[in-house]
Protein chains: 2
Amino acid sequence: MLTPLRKGSDYHHGDLRDAVIRVARDLVASEGVSSLGIRRVALRVNVTPAALYRHFESLEQLRGEVSGRVRNEMAEMMILAREKVGPATLSKTRSRARFAAIGDAYVAYARKFPRLFEIAFLTCDALPETGESLAWRTLEESLEELIKSGLLERRKSLKAATLAWSSIHGLASLVASQTISNKEYPLFRKSVLDGVQDAVFAR
Amino acid sequence: MLTPLRKGSDYHHGDLRDAVIRVARDLVASEGVSSLGIRRVALRVNVTPAALYRHFESLEQLRGEVSGRVRNEMAEMMILAREKVGPATLSKTRSRARFAAIGDAYVAYARKFPRLFEIAFLTCDALPETGESLAWRTLEESLEELIKSGLLERRKSLKAATLAWSSIHGLASLVASQTISNKEYPLFRKSVLDGVQDAVFAR
DNA sequence: TAATAATGTAAACAATGTTAACACCTCTGC
DNA sequence: GCAGAGGTGTTAACATTGTTTACATTATTA
C-alpha cells in the first residue's frame, strides 16, 4: 500500500478522481470489464457511490477514462521495452532490435493483461479526447530510426507503419480474446513477426 | 415481420431460444453490447424475463450464444463473397481473387456491423463449445486452392494462414473500434492487403 | 386418458446506476 | 480573522436490472 486512500479522518479525499481510475483499472484487470461498476469501485476506494459523480458523468465515462489510461500504460511498456535493448544509435541491428521490441511489448501486454487490452479497444461512446496516441508516435519514432540507419526507405514508411500495427494488433487481439490458444501462439507470433519484417525491410 | 413471434394466443412460444438469440443479435447490432439485457430482450420477444432462464443459464451465456452466432454469420458472408467472384477453378487469377474476397468480406463485416464484430471477439467466460471455426476452415480452403493452382507452396501454407488472419483481423478490429477512422481506412486497407499478398505469394 | 415433463407467468429479492437534498471542508475578498 | 461561496463528500431515495421460487399451463407419452 503506497499511499493510504484516506488520510486519517479527512472528510475530503485529496485525490479521488485518480484513485478511482486506478482502482477501476485494477478491478477490470482482475475481474473483467463487465465487473466494473460505480458502487464496487466506490466501495474499494472507501467512498460513497454518489461521490464518484463529482468526477465522472457516468459509468460509461469512467470506462472511457480507464480505457485511455490503459492505452497509455501500453505505450509506456513499449517505450520501456525499447529502451531496454539499448539507446538509439545508427546501428542497423540496434534499430532493428528496438523496432522488434515495441511490437513484442504490444502483444506481451495483451497476453499478460487480456482484460485490460480488451477495454483499451472497446467501442466507447465517451472516450477522453485523445489526439494522436502515444503508441502510434512510438511506432513512428522507431520507423524513423530504421530510415536513418538505412533499413527503410522513407516513401515506404507509412505503409510499413500501418501494416505493422494492423498485424501486431491482430495478433494481440486474437490472443487476448483467446481465439488462439497459448499452444498456437508461438506459430502465430513467428508468422506475424516474419511477415512484418519482410514487408518493412527492403530486400 | 417474417413470422409472428407468438402464434395467436399460444401459451407456449414455439421456438423461443432461437427468437431470443435473433432479437439479442439485433439489439447488439443497433445499440451495442452493453445494451444487451435479459429484460430488454424478453420485452421485445413479448415474453416474461424468467422465461429466458428455461433456455439460457444467465445473461453471460446468452452473450456467448450471440457471439457464436455472429462468428458464423461472418463466415457465411465470407463464403458468399467468395462464391460471388465465381466457382473454384485452377486458374491463378480466379483463386487469387477468391482468396482476396474472403479477406475483404471479413473487414467489410467489421465495418458494417462494428458492434457485432465487437461481441464476436469478446473474452467470454461462457462460450458455446465450438470446434474449429467456420471462418478458419474457409481460409484453409482458399489456401488449398492457391496451392493447387500453383501460387503457394504447401510448406508455406500454415504460415500464410496465420499471418493473413492476424493482419486482416487486426485491420478489422482497429476499424470496428474506431481506432482508425474512415478517412485513414483506405491506406490501411491497401497496406495490409499488399502485405498479405507479398507474404503469401512466392516471388 | 392420466401422469409427467416442458415451458410459460407472477411476484419477490438483492444489487445496480443515478439523482436530489443536505453537510462539511477549503479557499477567497474584505 | 471571518463571511460566504464553491468544491467535495454523505444520506436517502428511485427506477431498473439479473435472478430465483412458486405456481400455471401446455405438450408428450405410457
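If you're wondering where the values come from, they're calculated on a predicted model, not measured in any experiment. Proteins come first, then strands; the chains are lettered A, B, ... in the order of their sequence lines, and each starts at number 1.
Remark: the Arg82(B) side chain and the Ser142(B) side chain contain an N/O donor-acceptor pair separated by less than 3.5 Å. In this structure, a donor-acceptor pair under 3.5 Å is absent between the side chains of Ser167(A) and Ser167(B). Using modelled atom types and a 3.5 Å distance limit, the side chains of Ser177(A) and Thr123(B) yield no donor-acceptor pair.
Between the CG atom of Asp18(B) and the C1' atom of dT7(C) there is a distance of 16 Å, given to the nearest Å. For the pair Ile38(B) CD1 and dA14(C) P, the interatomic distance rounds to 20 Å; values are reported in whole Å. Taking atom CD of residue Gln61(A) and atom C1' of nucleotide dT18(C), one finds them 14 Å apart after rounding to whole Å. At whole-Å resolution of the value, CZ in Phe56(B) and P in dG8(C) are 11 Å apart. Whole-Å rounding puts the Arg44(A) CZ to dT16(C) C1' distance at 16 Å. Note: CG (Leu52(A)) to C1' (dT19(C)) measures 14 Å, nearest angstrom. The CD atom of Glu60(B) sits 9 Å away from the P atom of dT19(D) (whole-angstrom rounding). In this structure, Arg17(B) places its CZ atom 12 Å from P of dG8(C), rounding to the nearest Å.
In the set dG8(C), dT20(D), dG17(C), the nucleotide with an atom closest to the side chain of Tyr53(A) is dG17(C). The nucleotide whose nearest atom lies closest to any side-chain atom of Thr48(A) is, among dT19(D), dT11(D), dG17(C), dT11(D). In the set dG18(D), dA10(C), dG8(C), the nucleotide with an atom closest to the side chain of Ala50(B) is dA10(C). Between dT19(D), dT9(C), dT10(D), one nucleotide has an atom nearer to the side chain of Ala51(A) than all others, and that is dT10(D). For Leu59(B), counting side-chain heavy atoms from C-beta on, the closest listed nucleotide (dT10(D), dT9(C), dG18(D)) is dG18(D).
With a 6.0 Å cutoff to the six-membered ring centre and a 45° limit on the axis angle, Arg63(A) does not count as a cation-pi contact of Phe56(A).
Residue His55(A) places none of its side-chain N or O atoms closer than 4.0 Å to OP1 or OP2 of dG7(D).
Contact between Ser67(B) and Ile119(B) at its shortest, heavy atoms only, is OG-O, 3.1 Å.
Nearer to the 5' terminus of DNA chain C, by closest-nucleotide assignment, is the contact made by Pro49(B) (compared with the other of Pro49(B) and Arg40(A)). Mapping Ser58(B) and Arg54(B) onto DNA chain D by nearest heavy atom places Ser58(B) closer to the 5' end of the strand.
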